[in-house]
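Written out below as structure tokens is the structure these notes cover.
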Amino acid sequence: LAVIVKKQISERMETKKGVKVPESLAKTLQESKELKNAWDKLRPSCQREYVERVNKAKSEEKRKEKIDRIIELTLDYAKRHPEKYKNRKS
């Protein structure tokens, strides 16, 4: 059952331009509503770049480091551009 749920999360998660988000990044994004909302507000080019960073990681350790950095960048973007997050639905 856990495998099916994991697969469904990664299958559902795509960037605004339809690029599939890696399972590890999708799972991390789904864990926090604030982070997911910030991700949804990113420009498509930012989402694509972040997905590419995770996909290029050769080891699980590097993938985790890159995801941690993506979380920082995404939340930082939301803080620097609060006008994009006020009174807007996802």
Side-chain angles (χ1 to χ4, degrees):
L1 184 62
V3 173
I4 293 170
V5 172
K6 275 185 170 183
K7 188 172 182 177
Q8 288 174 344
I9 288 173
S10 64
E11 285 177 353
R12 285 191 307 242
M13 231 14 225
E14 291 184 347
T15 66
K16 291 178 183 176
K17 295 291 184 175
V19 177
K20 187 175 177 183
V21 175
E23 184 178 321
S24 52
L25 179 56
K27 183 179 176 186
T28 302
L29 293 171
Q30 297 289 343
E31 290 175 356
S32 165
K33 186 175 182 180
E34 177 187 13
L35 180 57
K36 177 70 168 83
N37 288 337
W39 171 266
D40 289 341
K41 303 289 192 270
L42 287 175
R43 295 184 316 262
S45 59
C46 290
Q47 290 181 345
R48 184 183 63 245
E49 180 184 334
Y50 294 164
V51 166
E52 288 173 0
R53 287 183 188 189
V54 174
N55 285 336
K56 288 181 181 179
K58 296 187 186 231
S59 69
E60 190 61 38
E61 182 180 332
K62 279 291 184 191
R63 191 170 293 114
K64 175 72 173 127
E65 288 174 17
K66 290 182 184 290
I67 289 172
D68 289 344
R69 181 67 178 141
I70 288 167
I71 291 168
E72 290 176 29
L73 293 170
T74 301
L75 293 175
D76 182 58
Y77 182 85
K79 288 176 187 171
R80 289 185 289 120
H81 302 281
E83 68 280 2
K84 292 187 177 199
Y85 298 89
K86 284 189 175 182
N87 300 321
R88 264 181 102 179
K89 293 182 180 178
S90 299

(message) Could you tell me if the side chain of Met13 sits less than 4.5 Å from the side chain of Lys27, heavy atoms only?
(response) no
(message) So Tyr50 and Thr74, do their side chains get closer than 4.5 Å, heavy atoms only?
(response) yes
Could you tell me which residues satisfy salt bridge (Lys or Arg N to Asp or Glu O under 4.0 Å) with [X], sequence neighbours excluded, listed by chain and number?
X: Glu72; result: Arg69
X: Glu49; result: Arg53
X: Lys64; result: Asp68
X: Glu61; result: none

(message) Can you list everything that forms a side chain to side chain contact (heavy atoms under 4.5 Å, CB included) with Glu52? Sequence neighbours excluded, please.
(response) Arg48
(message) Under the rule for side chain to side chain contact (heavy atoms under 4.5 Å, CB included), what residues qualify as partners of Thr15, not counting sequence neighbours?
(response) Lys17, Val19, Val21, Trp39, Gln47, Val51
(message) So, using side chain to side chain donor-acceptor pair (under 3.5 Å) as the criterion, who are the partners of Asn55 when residues are at least two apart?
(response) none
(request) With sequence neighbours left out, write down each residue that passes side chain to side chain donor-acceptor pair (under 3.5 Å) with Glu31, or none if nothing qualifies. (result) none
Let me confirm one number: the [atom1]-[atom2] distance from [X] to [Y], rounded to the nearest 0.5 Å.
X: Cys46; Y: Ile70; atom1: SG; atom2: CD1; value: 11.0 Å
X: Leu29; Y: Leu25; atom1: CG; atom2: CG; value: 4.5 Å
X: Glu65; Y: Ser59; atom1: CD; atom2: OG; value: 7.0 Å

(request) Can you establish whether the number of heavy atoms outside Lys16 located under 6.0 Å from its atom NZ is more than 12? (result) yes
(request) For Thr28 and Leu35, work out which heavy atoms get closest and say how close. (result) O-CD2, 3.9 Å
